[in-house]
Amino acid sequence: MTIDEQIAYLKKGLAELIREEELRERLTQSAKTGVPLRIKAGFDPTAPDLHLGHTVLLRKMKHFQDLGHTVIFLIGDNTGLIGDPTGRNTTRPPMTPEEIDKNAETYKTQVFKILDPVKTEVRFNSEWLAPMQFIDIVTLCSKYTVARLLERDDFAKRFKEGIPISLHELLYPLGQAYDSVALKCDVEMGGTDQKFNLLVGREIQRDFGQPPQIVATTPLLQGTDGVEKMSKSKGNYIGITERPKVMFRKVMGISDDLMWRYYELLTDKSLSEVAELRGRQEPMAAKQALARIIVADFHSGEAADQAQADFDREVREGQVPSDIETITLPNGVGNSLPKILLAAGLADSRTDAERKVKAGAVEINGDRHASLTIALPPGQHVFRLGKKWKRIQV
RNA sequence: GGACAGGUGGGUGAGCGGUUAAAGCCAACAGACUGUAAAUCUGUCCCUCCUUGCGAGGUACGAAGGUUCGAAUCCUUCCCUGUCCA
């Protein structure tokens, strides 16, 4: 590929690239010397469960690898103690080396579904942050001003609204910036919400006599609710290790509008292909195709077939799922339906169970059951409460 | 160190002595509708118990005490947060 083609390839699907000319220079330089560029992205050590939102970034990092460059998967085991200030944060207790190792392993098995292990370095920022002395930290702090830190959107907002900002939170961008110095990064990537932190990296690198890194941001993927960005804590995520069936169903649950965004950010389909698909006016078919692609990416084609078959049968035809759990009732629940539902894990509490029954949400062996007592003859019974199914052995 | 303001259910946010398990909104859950969805409409949304009733108890409004027949609402102390002044 020519340099122009490389840039076009890398730019596709990026939210922002700062600055393109610098990237061009480095790509040219790299081609000349044969030294690969170093592409960094940082991840929080506490949440090693990746979801599709993370894969937007990972897919883009993979593109750099495709061109022969090195990706540094940085686990922020030290900055993670602060927690990127997205809200009310306190310092988290330090993680033990065992926990960190365990999380790192989990990360590896997940990210290598996308990244090429041969062209990936997994690093921890405790490597250089932990040995820093107070004086080192003060020196680092001296390189940036409070006013500039407060320019960051969420800081500015919180400051203005009188929401607490703890001093240590201000240090987070500096720590992250120093990571780039320590790793001599050529490019740092992150979601658009990371733009500020990534830019601080440029300035700090300059202060340390390094050429400033190129900043590449990827768009944030909306969660399944279509409103907020995908995040585990919001419960609107699709995890990349989720079972094919669950994954398929979650994809089917997104709105038709959101589906096109997912096509754009989560598949290799070109924009014209997506537009063509959209023009066909067959949202149902398009969404199933999307769900198949995603399941196949993280599992296999066969798993995708199976997931689709399950979906057709269970959701579209409303039949009993193939994989429901069988529960044997403990003694003493008698014929109280709420107690049975609680014992089966279909309700959170007896009060909750009672409400659900009264609301007509309970189906037993295919028939709605709205009374609070039931005599179950010995044998197996299929219970359904909303989307949850259980087989109960009496 | 001083002067103010504030801490309510998953989130917002009303209530400022009693019809308040605590408005409204959002989220969530269930039902209807549907091509999966979305949207819309309806209902629910602390727990326990039973004689399942617009039932009876128990918890709950930062924490602990106190005043009251009665407190999320008043008082005291403590904890936490913000603003202004030094």
Side-chain angles (χ1 to χ4, degrees), chain A residues 85-91 150 155-169 222-238 245-263 277-278 280-295 304 307-319 321 332-343 345-364 367-374 383-390:
Chain A
T86 45
R88 55 203 65 177
N89 267 297
T90 48
T91 21
L150 287 177
F155 284 147
K157 190 154 172 277
R158 283 161 68 188
F159 190 65
K160 194 172 155 214
E161 291 173 7
I163 299 167
I165 300 172
S166 296
L167 202 50
H168 73 278
E169 297 181 66
Q222 286 126 302
T224 50
D225 57 8
V227 182
E228 307 230 46
K229 71 164 184 173
M230 186 173 285
S231 92
K232 199 171 181 189
S233 58
K234 296 237 165 58
N236 62 1
Y237 69 101
I238 301 177
K245 191 171 164 169
V246 174
M247 213 180 228
F248 195 96
R249 192 176 293 203
K250 282 192 178 180
V251 174
M252 292 309 290
I254 63 174
S255 73
D256 287 355
D257 282 342
L258 188 58
M259 153 168 73
W260 306 114
R261 188 78 177 140
Y262 276 32
Y263 258 113
L277 202 55
R278 190 168 190 167
R280 275 192 227 162
Q281 304 278 333
E282 291 171 0
M284 177 67 178
K287 205 182 289 180
Q288 291 214 10
L290 174 67
R292 290 173 59 94
I293 292 171
I294 291 173
V295 172
Q308 168 145 29
D310 283 342
F311 182 83
D312 283 343
R313 199 182 64 251
E314 295 163 15
V315 177
R316 303 184 70 190
E317 295 170 25
Q319 295 191 22
V333 291
N335 60 0
S336 154
L337 186 50
K339 283 189 185 174
I340 292 169
L341 294 173
L342 182 61
L346 287 169
D348 296 334
S349 68
R350 273 181 67 179
T351 310
D352 181 47
E354 190 173 321
R355 281 193 293 262
K356 297 277 167 57
V357 175
K358 286 180 176 167
V362 177
E363 235 176 52
I364 299 168
D367 294 319
R368 180 171 296 178
H369 191 96
S371 101
L372 291 162
T373 55
I374 181 163
F383 276 62
R384 183 179 75 83
L385 197 167
K387 290 172 193 149
K388 295 185 208 149
W389 295 75
K390 286 280 159 85

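In what follows, every chain begins at residue 1, and chains take the letters A, B, ... in the order their sequences are listed.
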Find the distance [X]:[atom1] to [N]:[atom2] and express it as a whole number of Å.
X: A/M252; N: B/U36; atom1: CE; atom2: C1'; value: 4 Å
X: A/E354; N: B/U51; atom1: CD; atom2: P; value: 11 Å
X: A/I374; N: B/U52; atom1: CD1; atom2: P; value: 17 Å
X: A/Y263; N: B/A37; atom1: OH; atom2: P; value: 17 Å
X: A/L372; N: B/U48; atom1: CG; atom2: P; value: 14 Å
X: A/L341; N: B/C47; atom1: CG; atom2: C1'; value: 17 Å
X: A/K387; N: B/A32; atom1: NZ; atom2: P; value: 13 Å
X: A/K388; N: B/C29; atom1: NZ; atom2: P; value: 9 Å

For the [atom1] atoms, the ones on [N] and on [M], what distance do you get once it is rounded to whole angstrom?
N: B/G15; M: B/G1; atom1: P; answer: 34 Å
N: B/G65; M: B/A60; atom1: P; answer: 11 Å
N: B/U34; M: B/U44; atom1: P; answer: 24 Å
N: B/A21; M: B/A86; atom1: C1'; answer: 47 Å
N: B/C26; M: B/G13; atom1: C1'; answer: 11 Å
N: B/C47; M: B/U36; atom1: P; answer: 32 Å
N: B/C74; M: B/U8; atom1: P; answer: 15 Å
N: B/G10; M: B/G6; atom1: P; answer: 24 Å

Checklist entry - Quick one: on RNA chain B, does A/D225 or A/D257 contact a more 5' nucleotide (nearest heavy atom)? => result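 The answer here is A/D225.
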Item to check | 5' precedence on RNA chain B between A/D348 and A/A361 (nearest-nucleotide basis) | outcome: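 Its nearest nucleotide lies further toward 5', so the answer is A/A361.
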Only counting residues at least two apart or in another chain, list the ones meeting side chain to side chain donor-acceptor pair (under 3.5 Å) with [X].
X: A/R313; answer: none
X: A/D225; answer: A/N236
X: A/R384; answer: A/E363

Name the nucleic acid region contacted by [X], choosing base, sugar-phosphate or nothing; use a 4.0 angstrom heavy-atom cut-off, strictly under.
X: A/S349; value: sugar-phosphate
X: A/K358; value: base
X: A/E282; value: nothing
X: A/K356; value: sugar-phosphate

Item to check | Phosphate OP1/OP2 of B/C47 contacted by A/R350 side-chain N/O (<4.0 Å) | outcome: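 Answer is no, no contact under 4.0 Å.
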Item to check | Contacts of type salt bridge (charged side-chain N to carboxylate O under 4.0 Å, His left out), residue A/D256, not counting sequence neighbours | outcome: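 Listed in chain order: A/K287.
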Between [options], which nucleotide has the shortest distance from any of its atoms to the side chain of [X]?
X: A/K339; options: B/A37, B/C50, B/C29; value: B/C50
X: A/V315; options: B/C47, B/U36, B/A30; value: B/U36
X: A/T351; options: B/U48, B/C50, B/A37; value: B/U48
X: A/R384; options: B/U48, B/A37, B/G31; value: B/G31
X: A/D352; options: B/G35, B/C47, B/U52; value: B/C47
X: A/F311; options: B/U36, B/G53, B/A30; value: B/U36

Checklist entry - Which parts of nucleotides 38-45 of chain B does protein reach within less than 4.0 Å, heavy atoms only, written one letter per nucleotide 5' to 3' as B for base, S for sugar-phosphate only and - for none? => result ------SS
Checklist outcome for this item: A correct 5'-to-3' footprint of nucleotides 79-86 of chain B, with B, S and - meaning base, sugar-phosphate only and no protein heavy atom under 4.0 Å, is --SS----
Using purine N1 to pyrimidine N3 plus N6-O4 or O6-N4 for Watson-Crick, or N1-O2 and O6-N3 for G-U wobble, both under 3.5 Å, which nucleotide pairs with [N]?
N: B/U48; result: B/A56
N: B/A32; result: B/U40
N: B/G18; result: B/C69
N: B/C84; result: B/G2
N: B/U76; result: B/A64

Item to check | A/K250 to A/Y237, cation-pi by 6.0 Å centre distance and 45° axis angle | outcome: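 Because its charged atom sits under 6.0 Å from the ring centre and within 45° of the axis, A/K250 does stack over A/Y237.
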Working to the nearest 0.5 angstrom, can you tell me the gap between [X] [atom1] and [Y] [atom2]?
X: A/D352; Y: A/L346; atom1: CG; atom2: CG; result: 10.5 Å
X: A/L258; Y: A/Y263; atom1: CG; atom2: OH; result: 13.0 Å
X: A/T373; Y: A/K339; atom1: OG1; atom2: NZ; result: 12.5 Å
X: A/W389; Y: A/Q319; atom1: CH2; atom2: CD; result: 9.0 Å
X: A/S255; Y: A/W260; atom1: OG; atom2: CH2; result: 11.5 Å
X: A/I254; Y: A/T224; atom1: CD1; atom2: OG1; result: 8.5 Å

Item to check | A/E354: which of A/R350, A/K358, A/K356 passes salt bridge (Lys or Arg N to Asp or Glu O under 4.0 Å) | outcome: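 Filter result, single survivor: A/K358.
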